[in-house]
Enquirer: 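First the structure, which I've put down as structure tokens, then a few questions once you've had a look.
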Amino acid sequence: MIQETSEQVQKIKENMQRAQARQKSYYDNRHRPLSFEVGDHVFLRITPKSGLGRRMVVKKLSPRYLGPYLILDRIGESAYWLAIPPNLSGIHNVFHVSQLRRYLSDPSHVLQPEEVELRENLMYHVQPFQILERSVKQLCSKEIPLVKVLWNNKSAYEATWEGEDDIRNRYLELFN
């Protein structure tokens, strides 16, 4: 019985090594190391999240990249020093290559950068602009008042339903 068990363990190890070798070959064949030169332009990856309290929601149609920004210097193997505008001076200007995306210039491409105030962790906060609707969600034992909030720089399609008490506590000026 011990011999049979050890044979099965050996067979499982061989199968795992084969699977690992296959995955490594897939990676080796498809992986292209990303690197940039000084003077290239790149986009900077951001995390567009908004929400109240602990409930942070990733917005589907929000921008994922800012830029393009000029690469001033290469630092080490995988970090780059970018020329970022003064409104982003609160964040560090050295970024890992995984946070960057190549910008291919096109003369017909006219960029109108959206003014976004980023935090140190590359997230930005969206402020509510107007309350569009009110509703009451009926549960078994209680009622929850809700408001449909239009956020700044967003369309009415992107308005969200939020708890009225949370919005009233944080943004009382919307109810005047």
Side-chain angles (χ1 to χ4, degrees), residues 1-84 88-106 109 111 113-114 116-126 137-142 144 146 149 151 154-155 157-163 165-166 170:
M1 186 169 181
I2 294 174
Q3 182 181 2
E4 186 178 309
T5 305
S6 62
E7 288 174 1
Q8 288 178 351
V9 167
Q10 186 64 30
K11 191 175 183 181
I12 291 172
K13 283 183 180 179
E14 289 172 2
N15 288 340
M16 289 177 67
Q17 286 176 348
R18 260 189 251 120
Q20 187 177 17
R22 186 171 49 243
Q23 291 296 324
K24 184 179 179 329
S25 71
Y26 290 157
Y27 176 81
D28 291 343
N29 289 338
R30 290 171 177 79
H31 178 70
R32 285 178 279 145
L34 187 59
S35 66
F36 303 105
E37 299 296 324
V38 173
D40 287 352
H41 284 81
V42 292
F43 287 110
L44 176 62
R45 181 187 315 239
I46 60 170
T47 307
K49 293 185 179 182
S50 66
L52 300 171
R54 286 184 239 141
R55 188 177 144 242
M56 297 299 285
V57 179
V58 175
K59 296 294 187 175
K60 290 182 181 178
L61 299 176
S62 297
R64 299 284 192 254
Y65 294 92
L66 291 180
Y69 301 120
L70 178 68
I71 294 180
L72 298 176
D73 195 12
R74 182 176 183 159
I75 301 171
E77 291 291 317
S78 58
Y80 293 91
W81 180 28
L82 300 183
I84 57 176
L88 299 179
S89 64
I91 60 175
H92 200 274
N93 57 359
V94 175
F95 297 94
H96 188 266
V97 69
S98 66
Q99 295 298 108
L100 305 176
R101 184 178 204 178
R102 185 173 307 280
Y103 170 70
L104 301 175
S105 64
D106 181 5
H109 189 201
L111 295 173
E114 182 180 328
V116 176
E117 187 176 321
L118 288 181
R119 298 178 182 162
E120 288 82 21
N121 59 2
L122 297 181
M123 293 172 51
Y124 67 92
H125 183 67
V126 182
K137 175 104 174 161
Q138 181 67 45
L139 298 178
C140 294
S141 61
K142 65 178 182 177
I144 301 174
L146 300 173
V149 178
W151 302 92
K154 303 293 177 189
S155 65
Y157 175 75
E158 295 177 289
T160 59
W161 287 98
E162 305 288 342
D165 296 336
D166 291 338
R170 293 177 186 261

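Computed from a predicted model, the values in this text were never measured in an experiment.
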Enquirer: What's the spacing between H96 NE2 and E77 CD if we round to 0.5 Å?
Expert: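 Reported to 0.5 Å precision, the distance equals 10.5 Å.
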Enquirer: More than 12 non-hydrogen atoms from neighbouring residues, nucleotides or ligands closer than 6.0 Å to CD on Q3, yes or no?
Expert: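 For Q3, atom CD is not crowded (no more than 12 foreign heavy atoms under 6.0 Å).
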Enquirer: Measuring from atom NZ of K13 to atom CE of M16, what distance do you get when rounded to the nearest 0.5 angstrom?
Expert: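 With rounding to 0.5 Å, NZ (K13) is 9.5 Å from CE (M16).
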Enquirer: To the nearest 0.5 angstrom, please state how far the CG atom of L146 sits from the CG atom of D165.
Expert: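 If I round to the nearest 0.5 Å, the distance is 9.5 Å.
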Enquirer: What heavy-atom pair brings L82 and V42 nearest, and what distance separates the two atoms?
Expert: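 Scanning both residues, the minimum pair turns out to be CD2-CG2, 3.7 Å.
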Enquirer: What's the shortest heavy-atom distance between S98 and R45, and which atoms?
Expert: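 Taking every non-hydrogen atom into account, O-NH2, 3.1 Å.
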Enquirer: Looking only at non-hydrogen atoms, find the nearest pair between E37 and D40 and report the distance.
Expert: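 Smallest heavy-atom distance, with atoms named: N-OD2, 2.9 Å.
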Enquirer: Using the side-chain contact (heavy atoms from CB on, under 4.5 Å) criterion, which residues pair with R101? Sequence neighbours excluded.
Expert: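 Only F43, Y65 meet the side-chain contact (heavy atoms from CB on, under 4.5 Å) criterion with R101.
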Enquirer: Quick check: are there more than 12 heavy atoms from other residues, nucleotides or ligands sitting under 6.0 Å from CD of Q138?
Expert: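 Above 12, so yes.
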Enquirer: Any salt bridge linking D166 with R170? Criterion: basic side-chain nitrogen under 4.0 Å from a carboxylate oxygen.
Expert: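 Salt bridge between D166 and R170, a charged N being under 4.0 Å from a carboxylate O: no.
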Enquirer: Could you give the distance from CG (D28) to CD (Q23), rounded to the nearest 0.5 Å?
Expert: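 Spacing of CG (D28) from CD (Q23) equals 11.0 Å.
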Enquirer: Could you grab the distance from atom NZ of K24 to atom CG of N29, nearest 0.5 Å is fine?
Expert: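 Rounded to the nearest 0.5 Å, the NZ-CG separation comes to 9.5 Å.
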Enquirer: Mind checking what makes side-chain contact (heavy atoms from CB on, under 4.5 Å) contact with Y27, not counting sequence neighbours?
Expert: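 Scan of Y27 (side-chain contact (heavy atoms from CB on, under 4.5 Å), adjacent residues dropped) gives H31.
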Enquirer: What is the minimum heavy-atom distance between V94 and A79, and which atoms define it?
Expert: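 Taking every non-hydrogen atom into account, CG1-CB, 4.0 Å.
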Enquirer: Is the backbone N or O of G67 less than 3.5 Å from a side-chain atom of Y103, with the two atoms forming a donor-acceptor pair by type?
Expert: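 The answer is no, because no donor-acceptor pair under 3.5 Å joins these two groups.
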Enquirer: Tell me whether E14 at atom CD has more than 12 heavy atoms from other residues, nucleotides or ligands lying less than 6.0 Å away.
Expert: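 Counting other residues, nucleotides and ligands, CD of E14 exceeds 12 neighbours.
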Enquirer: Please report the closest heavy-atom contact between P68 and H41, naming both atoms and the distance.
Expert: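 Here P68 and H41 meet closest at CB-CB, 4.0 Å.
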Enquirer: State which residue, out of Y80, W81, Y69, fulfils the ring-ring contact (aromatic ring centres under 6.0 Å, His included) condition with F36.
Expert: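 Among Y80, W81, Y69, the one meeting ring-ring contact (aromatic ring centres under 6.0 Å, His included) with F36 is Y80.
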Enquirer: Does the side chain of L44 come within less than 4.5 Å of F95's, by heavy atoms?
Expert: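 F95 vs L44: side chains touch.
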Enquirer: For the side chain of R74 and the backbone of G76, is there at least one donor-acceptor N/O pair under 3.5 Å apart?
Expert: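 Pair found, side chain donor or acceptor close to backbone of G76.
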Enquirer: Tell me the closest heavy-atom pair linking L34 and L100, and the distance in Å.
Expert: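 Between these two residues, the closest heavy atoms are CD2-O, 4.1 Å.
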